[in-house]
> 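First the structure, then my questions, so here it is.
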Amino acid sequence: MGEVEPGPAGPLEPPEPPEAVASRRPGGIRVLKRNMKHNGNRNCLNRRSRFGSRERDWLREDVKRGCVYLYGADTTTATTTSTSSSSSTSSSSDLHLVLCTVETPASEICAGEGRESLYLQLHGDLVRRLEPTERPLQIVYDYLSRLGFEDPVRIQEEATNPDLSCMIRFYGEKPCQMDHLDRILLSGIYNVRKGKTQLHKWAERLVVLCGTCLIVSSVKDCQTGKMHILPLVGGKIEEVKRRQHSLAFSSAGAQAQTYHVSFETLAEYQRWQRQASKVVSQRISTVDLSCYSLEEVPEHLFYSQDITYLNLRHNFMQLERPGGLDTLYKFSQLKGLNLSHNKLGLFPVLLCEISTLTELNLSCNGFHDLPSQIGNLLNLQTLCLDGNVLTALPDELGNLQQLTSLGISFNNFSQIPEVLEKLTMLDKVVMAGNRLEVLNLGVLTRMSHVKHVDLRMNHLKTVIIDSLEGNKHITHMDLRDNQLTDLDLSSLCSLEQLHCERNQLRELTLSGFSLRTLYASWNRLTAVNVYPVPSLLTSLELSRNLLECVPDWACEAKKLEILDMSYNLLTDIPVRILSSLSLRKLMVGHNHLHVLPALVEHIPLEVLDIQHNTLSRLPDTLFSKALNLRYLNASANSLESLPCACAGEESLSVLQLLYLTNNLLTDQCIPVLVGHPHLRILHLANNQLQTFPASKLNKLEQLEELNLSGNKLKAIPTTIANCKRLHTLVAHANNISIFPEILQLPQIQFVDLSCNDLTEILIPEALPATLQDLDLTGNTNLVLEHKTLDMFSHITTLKIDQKPLPTTDSTVTSTFWSHGLAEMAGQRNKLCVSALAMDNFAEGVGAVYGMFDGDRNEELPRLLQCTMADVLLEEIQHSTNDTVFMANTFLVSHRKLGMAGQKLGSSALLCYIRPDTADPTSSFSLTVANVGTCQAVLCRGGKPVSLSKIFSLEQDPEEAQRVKDQKAIITEDNKVNGVTCCTRMLGCTYLYPWILPKPHISSTPLTIQDELLILGNKALWEHLSYLEAVNAVRHVQDPLAAAKKLCTLAQSYGCQDNVGAMVVYLNIGEEGCTCEMNGLTLPGPVGFASTATIKDAPKPTTPSSSSGIASEFSSEMSTSEVSSEVGSTASDEHNTVGLEASLLPRPERRCSLHPVPTSGVFQRQPSCATFSSNQSDNGLDSDDEQPVEGVISNGRRVEVEVDIHCCRGRDLESSPALPKNSTPCPEEHARGLVLGIRRQNSVNSGILLPMNKDKMELQKSPSTSCLYGKKLSNGSIVPLEDSLNLIEVATEAPKRKTGYFAAPTQLEPEDQFVVPRDLEEEVKEQMKQHQENRPEHEPSEEDRTEPLEEFDTAL
């Protein structure tokens, strides 16, 4: 390129940094050489390999400048001509940082580096040689741009990050791993002896193992001398026992030859034995050289003339090379050749000279056309041309009369090629993913040899018939994922199977003469016409349509075994369907069924799904007539009772799976369950059960999974110990106070007793070794001793509420949101779902919640859980645009996955709540970003609002079209290259450019109408609609119980996969406040009363947690709670006595610096002021002989509970006493008595006195500024001096029987000090007397040297 002229901003080359060893190269390229150190986990560079600040300054002058990291061949390579049999290795420890521009070609960099070529490696996989004209820096910039980066400056910055090498990397010489070289070719000079006898002597020979042959030649004349070729396929390889490290290679056949080869080392011996054993074990001569980054086949491979199948898939094969594609005709017996994914661009014409070929795969090579010479392959039977850009086929293709399979899917055909009519042996037309808009059935009629037609994922809108002649040949038709609105295939009288899912069909007409299976779900069908009655029909799937009744012809189908009409508008089920003598599986869930017809005769029904209807009862004879019924799901109905299982004493029921969740069942249904002795899975969650009789549970001996959550049970019967096969017990959200006797069950694995009233656990001497998961969160009365915790230490997952820590350096828990999380593994052995929950994020300014679903891998979700919040925190420092920093968060997290993200992928959802600076009418804004299938739903005014986008092939036509345009192969199960149905994920970099990490981003200001936010993975939303999920948890008091309820519902509705749900309760008022430390101003002098909508309060005994373990409690409390959890609920209010929980409004969740004032009932709001002092371990001063009452001793810390959240103004003023006869106004009664803090001398001691709310202000002093959220080093929200004086105040306070200042030994979540109603008047009277006895004027600073002898509060 020549020397680059310096721009006005500065020269091309920056000043040479003193720490770099730089050398100037020809062509104006700056090369920095530094030692390269590798990260063992990521195989990426550490910071020592990065360039200095001067180079960065040079880059900032122009965004078209950049840096290319040039790696040496740091992997081992083998030599083939060494005199020793061992392979020498070479590795480069130098990393070259080449400063260049986007216009710098590879040839110029090679000239400056003294290299012949540059090599590009993507995602740690294949290595491709760059053409001399290709521009490396431009390749990097284009790669980052396609990932999703938009800002040129950010693209330049990302390109300089060494971590990018896990995705894109340049080499100065081609790297190759040793095991790859061994599979391609093994060679060395060894001692060789011919024959089985010892007549021949040992001689030094050059030995090569390549392809299917062993080649032995002279060392001196290895290229021209005599060569001995030994075919190994079907032969054998044996160890020579009389000679160390020796192998005997023998060919197959009666006149087999044998060569003995002696190796020098054990390692070489094992390498040759391993590779040769693969060759001799083959039945046919097959050579697999796929995925080796080959440009040509090895020269020695041509000696293997017996090769019949050669696999060169995923390489970079060239045409004109010694071992290139133009030389493959030398294989005289070659029958199968795979050249897919080689990016050839042009069809290798010389392949048409291999007349022996019967199978040829040339998919994904970018062919625009085919040569006419392809008609010479007369023996060809299978031709695969998928994933190219073909628009037409040559007429010469019609010469291939033996062709039985032709794949032309995912090309650019706009019509069915006419040449297919000449291919009389062709029985399948596979044209998925093309551009057909019109299907002419007349063309298919003329192809009398075609039986299978695959036209899925085209652009079909209409189907036309140009003749009245019927088609009697087509038996299978696939029209999935098109744009058809009406479909009439009645002319296909031999049609046996039809797929037409995910169209826009309103009416479907078919011939029933031969119809066996029909799949037409995910349409808008109102009518399905089949004539005549399909007497051979066995399976009918019409789910997710608009059908109001079961078609009459379906009732008359005598062989119908499977009928799926779920998610329709059915109001009744015909008697003929339910009484069918052939029907074995009936799916009619999610309809409007009111009643099921009575059964008169015995039926063979095995599976019945009637969930999500309005059934109030089941047929009385259901269990007595359906004796083969194994599965029944009647969840989400209005069932109040169950029919009896049998009429006599002995039950014949074989029912094994029974799901009755979310009904109105009471204890009266329990005796009926005894009639099903074979029950393995029983779900009775969210009913009205109060007891479970022990005698009934005792008879369910086969029970393996029992779900009783969401009822009113107070205990689990002790007879559960007789259920020896039980491995799962779920009983959260009950009133269970006694731990059930389940720890003696031999197969117990999963136990969920969260959100109950457990107080203690009686455990046996030894726990079952099978116990893997024990969830005890939300049992705030539960106290576990150290001995118990030690016994639980072997459990893989133990979830308990941790006791609050009195002091913490974390920010005070927010009162605007609280969350709960639930994750369940389902039927799988591992949990591949992780969640992120931070109620206090970015120094308390906002909150972050995330959900990550790895589908089949658990590594990536955990990595994202640990790193994504840190990445977001860094990105919000660089940009205030939510779209920019959220997109960059996903893209950077994608990069940080490193090598783990090359082959694995994960869906990701991230929700960020922050103060809304753009909209002055809103307090906070919610920004949601996602890739994959995890979704977030906001409940606004009781209605769901979707905030995410599902990136899947089935539900996003735009993404499906993008993937098709990139020429990906979408398999019949709708997966990209057969791997995943997602089109955007974090990770899976080897599927670039089909799978991208760029997220969908949406932002919305939060309002007073926003009640809660639900995050869930794919499995949750597949079984719960947005509306049902919102309605299910709106009135649940605790977010943890709400999240668990969602997971339980999903499992009861049929989910067997990993399911994760997070519920975030929102309490965003019109005058939201996060205090001064959070960057917002305090409410004005009108007071602290919030105008936020009152919502249901969380249950006090069920604190939620972000990971199943309630973390440390914060130092602030809401008005009606004693403690709350950091990273969990911000306020857990108690239920009002005498009211049903469902009728309770949720009290406002306010920040504790501005609590909701009490009304009518005086409640205490303690705060734990924790600090270090010279107190002794027993909590005594050195001069004290008795403990100070009201002071909590906790080792070297001293805790005192006082009410400090009582100030509202800014400045502290003198407050005159109230008149003796004054009566607080109703507003004051509603707000409660407001207290102020006064200073005493030079010490910042606070004395709490009643003050008039209209004149109360707070001085702007260091001693009081902390009350607005400035956290001090001692962990308290009040200064050390204030805390010390508050202790003095507490010691002088009157002691009451209720123990307001007789603090317990530790803070307990269940502690709540509420004045009973019968004592309210007495308390008010005392408060009134206290006000009357107050001094009439404020003491001066000199007078305030001693604390007041009398102190009282509204407590």
Side-chain angles (χ1 to χ4, degrees), residues 566-567 570-573 586-596 607-623 626 629 631-645 653 655-676 679-693 696-697 700 703 705-713 716 729-735 1023-1025 1027-1036 1041-1042 1044-1055 1140-1142:
S566 55
Y567 293 94
L570 303 181
T571 56
D572 61 349
I573 297 295
L586 177 60
M587 314 284 286
V588 288
H590 297 271
N591 281 282
H592 305 301
L593 301 178
H594 302 290
V595 64
L596 293 180
V607 176
L608 177 60
D609 190 338
I610 51 175
Q611 60 175 302
H612 286 87
N613 284 284
T614 57
L615 299 172
S616 59
R617 58 190 300 272
L618 298 177
D620 295 335
T621 58
L622 176 63
F623 297 125
L629 192 63
Y631 174 97
L632 173 61
N633 194 331
S635 300
N637 280 282
S638 301
L639 299 178
E640 299 178 358
S641 60
L642 297 176
C644 295
S653 172
L655 189 66
Q656 299 181 15
L657 294 86
L658 180 58
Y659 297 90
L660 298 171
T661 295
N662 209 9
N663 279 284
L664 304 176
L665 298 175
T666 61
D667 302 350
Q668 298 178 357
C669 74
I670 303 300
V672 179
L673 300 177
V674 180
H676 305 286
L679 270 180
R680 295 189 298 106
I681 298 178
L682 175 61
H683 281 221
L684 290 170
N686 299 104
N687 280 283
Q688 300 178 6
L689 303 179
Q690 296 184 356
T691 60
F692 201 115
K696 307 304 179 183
L697 184 59
L700 300 177
L703 209 57
E705 179 179 328
L706 177 62
N707 194 322
L708 299 173
S709 59
N711 285 284
K712 302 176 183 179
L713 298 175
I716 301 294
L729 173 64
V730 182
H732 60 78
N734 279 283
N735 301 320
H1023 295 85
L1024 269 78
S1025 65
L1027 182 60
E1028 182 180 7
V1030 166
N1031 291 337
V1033 299
R1034 280 191 67 196
H1035 303 292
V1036 178
K1044 286 186 171 293
K1045 181 177 181 180
L1046 292 178
C1047 291
T1048 297
L1049 290 178
Q1051 289 187 332
S1052 296
Y1053 296 162
C1055 177
E1140 293 293 333
S1142 61

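The structure displayed is predicted, hence computed values, not measured ones. All heavy atoms count here, side chains included; hydrogens, waters and symmetry mates do not.
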> Rounded to the nearest 0.5 Å, how far does CE of Met587 lie from CD1 of Ile610?
11.5 Å
> His1023 and Gln1051: side-chain donor and acceptor closer than 3.5 Å?
no
> Starting at CD1 of Ile681, measure out to CG of Leu657 and round the result to the nearest 0.5 Å.
4.0 Å
> Can you see which heavy atom on Ile670 is nearest to which on Pro693, and at what distance?
CG2-CD, 3.6 Å
> Is the backbone of Cys669 close enough, under 3.5 Å, to the side chain of Asp667 for a donor and an acceptor to pair up by distance?
no
> Between CG of Leu622 and SG of Cys644, what distance do you get to the nearest 0.5 Å?
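One gets 12.0 Å once the value is rounded to the nearest 0.5 Å.
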> What are the two closest heavy atoms between Asn662 and Asn687, and how far apart are they?
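In this case the closest contact between Asn662 and Asn687 is N-ND2, 4.0 Å.
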> Do any N or O atoms from the side chain of Asn663 and from the backbone of Ala634 form a donor-acceptor pair under 3.5 angstrom?
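Yes: the side chain of Asn663 pairs with the backbone of Ala634.
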> What are the two closest heavy atoms between Ser635 and Asn637, and how far apart are they?
O-ND2, 3.1 Å
> Would the distance check show the side chain of Asn734 and the main-chain N or O of Leu713 forming a donor-acceptor pair, the cut-off being under 3.5 Å?
yes
> Count the heavy atoms belonging to other residues, nucleotides or ligands that lie under 6.0 Å from CD of Gln668, then report whether that count exceeds 12.
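Not more than 12 within 6.0 Å, no.
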> Any idea which heavy atoms bring Ala1032 and Leu1046 closest together, and the distance?
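Result for this residue pair: CB-CD2, 4.3 Å.
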> Would you call the rings of Tyr567 and His590 parallel, tilted or perpendicular, where under 30° means parallel and over 60° means perpendicular?
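Tyr567 vs His590 ring planes: parallel.
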> Would a distance-only check, ignoring hydrogens and angles, find a side-chain to backbone donor-acceptor pair under 3.5 Å from Gln611 to Tyr1053?
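A pair under 3.5 Å: yes.
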> About how many Å separate NE2 of His683 and OG1 of Thr661, when rounded to the nearest 0.5 Å?
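Spacing of OG1 (Thr661) from NE2 (His683) equals 6.5 Å.
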> State whether a side-chain donor-acceptor pair under 3.5 Å links Gln656 with His676.
no
> What verdict does the side chain to side chain contact (heavy atoms under 4.5 Å, CB included) test give for Leu639 and Leu615, after you've listed the backbone C-alpha separation in whole Å, the side-chain angles of each residue and the deciding distance to 0.1 Å?
CA-CA 6 Å; Leu639 299 178; Leu615 299 172; 4.2 Å; yes
> Apply the test side chain to side chain contact (heavy atoms under 4.5 Å, CB included) to residues Tyr659 and Leu684: give CA-CA distance (whole Å), side-chain angles for both, the deciding distance (0.1 Å), then the verdict.
CA-CA 7 Å; Tyr659 297 90; Leu684 290 170; over 6 Å; no
> Let me see the working for Leu596 and Ile573 under side chain to side chain contact (heavy atoms under 4.5 Å, CB included), right down to the final yes or no.
CA-CA 7 Å; Leu596 293 180; Ile573 297 295; 4.2 Å; yes
> For the side chain of Asp620 and the backbone of Pro643, is there at least one donor-acceptor N/O pair under 3.5 Å apart?
no
> Is a side-chain donor or acceptor of Asn686 paired with a backbone partner of Leu660 at a separation under 3.5 angstrom?
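Such a contact is absent between Asn686 side chain and Leu660 backbone.
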> Quick one: CG on Leu706 to OG on Ser709, what's the gap to the nearest 0.5 Å?
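It is 9.5 Å, given to the nearest 0.5 Å.
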> For Leu1049 and Lys1045, run side chain to side chain contact (heavy atoms under 4.5 Å, CB included): C-alpha distance rounded to whole Å, both residues' side-chain angles, the deciding distance at 0.1 Å, then the answer.
CA-CA 6 Å; Leu1049 290 178; Lys1045 181 177 181 180; 4.3 Å; yes
> Is the shortest heavy-atom distance from the side chain of Leu673 to the side chain of Leu682 under 4.5 Å?
yes
> Determine yes or no for a side-chain-to-main-chain donor-acceptor pair under 3.5 angstrom, with Asn633 supplying the side chain and Ser1052 the backbone.
yes
> Using modelled atom types only, decide if a donor and an acceptor are shared between the side chain of Thr614 and the backbone of Leu593 within a distance under 3.5 Å.
yes
> Are Leu708 and Phe692 packed together at the side-chain level, in the sense that at least one heavy-atom pair is separated by less than 4.5 angstrom?
yes
> Do Val1030 and Arg1034 come close enough that some side-chain heavy atom pair is under 4.5 Å?
yes
> Which atoms form the tightest heavy-atom contact between Gly675 and Ser653, and what is the distance?
O-CB, 3.6 Å
> Between Leu679 and Leu658, which heavy-atom pair has the shortest distance, and what is it?
CD2-CB, 3.7 Å
> In Å, rounded to the nearest 0.5 Å, how long is the span from CG of Leu632 to CZ of Phe623?
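Answer for the CG-CZ pair, Leu632 versus Phe623, is 5.0 Å.
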